[in-house]
2 protein chains.
Amino acid sequence: MQLAAHPHQPDYSPRQNAVLDSALRLLVDGGEKALTTAGVARAANCSKESLYKWFGDRDGLLSAMIGYQASKVRTFDDNAEALTAVTLREHLVLFARDLLEVLAGDVSLALNRLAIGQASREGSKLGSMLQERGRRQVGKRAGALLEAGRNAGLLAFDDRDEAYDTLYGLIVSDLHLRMLLGEDSGRMAKDFGRRAERAVSAFLRLYGRENGSVQPKGGRKT
Amino acid sequence: MQLAAHPHQPDYSPRQNAVLDSALRLLVDGGEKALTTAGVARAANCSKESLYKWFGDRDGLLSAMIGYQASKVRTFDDNAEALTAVTLREHLVLFARDLLEVLAGDVSLALNRLAIGQASREGSKLGSMLQERGRRQVGKRAGALLEAGRNAGLLAFDDRDEAYDTLYGLIVSDLHLRMLLGEDSGRMAKDFGRRAERAVSAFLRLYGRENGSVQPKGGRKT
DNA sequence: GGCGAACCGTACCGTACGGTACTGTGAATG
DNA sequence: CATTCACAGTACCGTACGGTACGGTTCGCC
């Protein structure tokens with residue numbers, strides 16, 4: 001497991017991190033509407049003036065919340081040495097389950113809703129921030145995994161991003177959006193295991209070279 | 001092309017539909033923040049009092065907007081008679097392109113953002129409304145297509161919903177969410193054709209019986 | 001013409017929020 | 001002890017929004 005450093009982002013003091021925690025709690029519980037500056041100040045036992053001194057304005061607070069949360073959700077690089085068909089499959093399934101659980105987390109859902117709500121307003125960088133921090137991070141893990149699989153002769157693809165896009169779609173489909181729209185995420189969380197298995201099986205049938213099933217002769221994709 | 005009737009929803013007068021059109025325009029242009037009752041009234045040249053008389057309150061207006069837009073986006077049942085491997089593929093690609101274009105439409109994006117923003121607040125039925133109206137509708141078309149493909153001996157699957165979920169994931173992946181987060185949808189719209197082809201090819205490799213490529217012996221899926 | 005319904009435009013009200021300023025306080029610093 | 005700093009708590013201000021009320025106008029109908 002390795003920590004991904006993000007030095008281009010201001011780090012906050014423990015006290016400020018605690019405030020950000022309170023703000024996240026507030027956002028998760030009550031949605032964006034409940035996330036008022038006075039509410040954050042009250043919940044965190046700090047003054048509004050301090051909020052504005054630390055984070056500039058409301059948008060700064062939101063950005064800080066996203067950055068803070070992203071700094072907490074760290075993915076490990078499962079070190080993919082000695083990959084076999086079996087261990088590759090295991091790693092992929094594990095990745096899929098982790099991905100689904102991250103996406104279904106209430107903090108993740110709340111932040112995505114927040115960023116989407118701000119996305120209409122031009123110049124709001126929350127969307128790209130979430131995109132950068134979230135997907136890029138988890139995508140790096142998947143990319144390394146895919147690359148390792150290819151190097152081990154277990155996977156066949158030309159474009160790594162394309163392969164990852166396919167994997168992502170197979171795993172998530174429209175589940176993320178449905179959860180964002182309010183569908184009960186807890187109810188469907190128990191199916192994550194089965195869903196991960198299904199998606200990885202399909203992915204290996206598409207991109208796998210020896211998966212115990214049919215193996216396409218040339219690994220052609222088109 | 002057949003129209004899908006939705007009699008369980010109150011129909012509005014032409015004047016009211018025009019007002020809803022203005023409201024949608026306003027929402028698309030300025031986001032949810034711009035969608036104020038006074039703004040809608042001004043844009044539609046009507047009075048706030050009429051708005052409240054017609055739609056009850058703001059939430060009623062939002063619901064009416066979703067219902068109205070859904071009533072405009074109608075999908076056709078491509079009548080799938082005499083399906084061959086080639087025509088099935090064509091129909092699937094057409095479906096995929098239509099789906100991507102619907103999802104990338106600015107009205108669709110704006111309404112999804114709106115519903116997601118309201119999703120945190122309990123009791124808001126906008127999310128389920130969009131879900132019902134949007135996905136169910138387009139899913140019916142896909143379901144019929146898949147069923148026809150199976151009846152013609154071209155597709156092999158047990159669970160139709162599962163197959164559709166896979167197809168949807170292959171087509172859309174996280175593209176919808178990225179667009180909702182503000183990524184420029186126009187820039188990526190030109191790749192919809194290639195993306196549709198790719199997704200359908202992958203889908204046919206997973207579920208197809210004779211697609212001109214490798215055909216798995218038993219059509220086994222797990 | 002008289003009448004009522006529908007409706008536009010606007011003024012109005014209560015409230016809530018973002019942001020600022022001020023006061024008090026406790027702890028560090030010299 | 002005096003000064004300074006960081007901060008909490010709170011009062012305050014301007015504004016914007018949801019919702020309501022009211023006067024004036026058009027249109028159909030008797």
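Lettering of chains follows the sequences in order, A, B, ..., and the numbering in each one begins at 1.
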Nearest-angstrom distance from the residue atom [atom1] of [X] to [atom2] of [N]:
| X | N | atom1 | atom2 | answer |
| --- | --- | --- | --- | --- |
| Leu61(B) | dC17(D) | CG | P | 15 Å |
| Gln118(A) | dG18(C) | CD | P | 11 Å |
| Arg58(B) | dT15(C) | CZ | C1' | 16 Å |
| Leu26(A) | dC17(C) | CG | P | 11 Å |
| Asn45(B) | dT26(D) | CG | P | 15 Å |
| Lys53(B) | dC8(C) | NZ | C1' | 11 Å |
| Tyr52(B) | dA11(C) | OH | P | 17 Å |
| Glu32(A) | dA16(C) | CD | P | 18 Å |

Review point. So Tyr207(A) and Phe203(A), would you call those rings parallel, tilted or perpendicular, with 30° and 60° as cut-offs?
Key: tilted
Can you identify which nucleotide, out of [options], has its nearest atom closest to the [X] side chain?
| X | options | value |
| --- | --- | --- |
| Thr37(A) | dG23(D), dG18(C), dA8(D) | dG18(C) |
| Lys48(B) | dC7(D), dA11(C), dC8(C) | dA11(C) |
| Thr36(A) | dG9(C), dG19(D), dG18(C) | dG18(C) |
| Glu49(A) | dC22(D), dC22(C), dG18(D) | dC22(C) |
| Asp57(A) | dG9(D), dG18(D), dG19(C) | dG19(C) |
| Ser50(A) | dG19(D), dC7(C), dA8(D) | dA8(D) |

Review point. Is the shortest side-chain N/O distance from Trp54(B) to OP1 or OP2 of dC7(C) below 4.0 Å?
Key: yes
Point to revise | Presence of Ser47(B) side-chain N/O under 4.0 Å of dG9(C) phosphate oxygens OP1/OP2 | key: no
Check your understanding: Shortest non-hydrogen contact from Arg58(B) to Gln118(B)?
Key -> NH1-NE2, 3.9 Å
Study note, to complete from the structure: Heavy-atom nearest pair, Ser108(B) first then Val102(B), reads CB-O, 3.3 Å
Check your understanding: Do we see a donor-acceptor contact under 3.5 Å between the side chains of Ser201(A) and Arg89(A)?
Key -> yes
Check your understanding: With sequence neighbours excluded, what pairs up with Arg15(A) under the salt bridge (charged side-chain N to carboxylate O under 4.0 Å, His left out) test?
Key -> none
Review point. Within the structure shown, what part of the strands sits under 4.0 Å from Arg15(B) by heavy-atom distance: base, sugar-phosphate, or nothing?
Key: sugar-phosphate
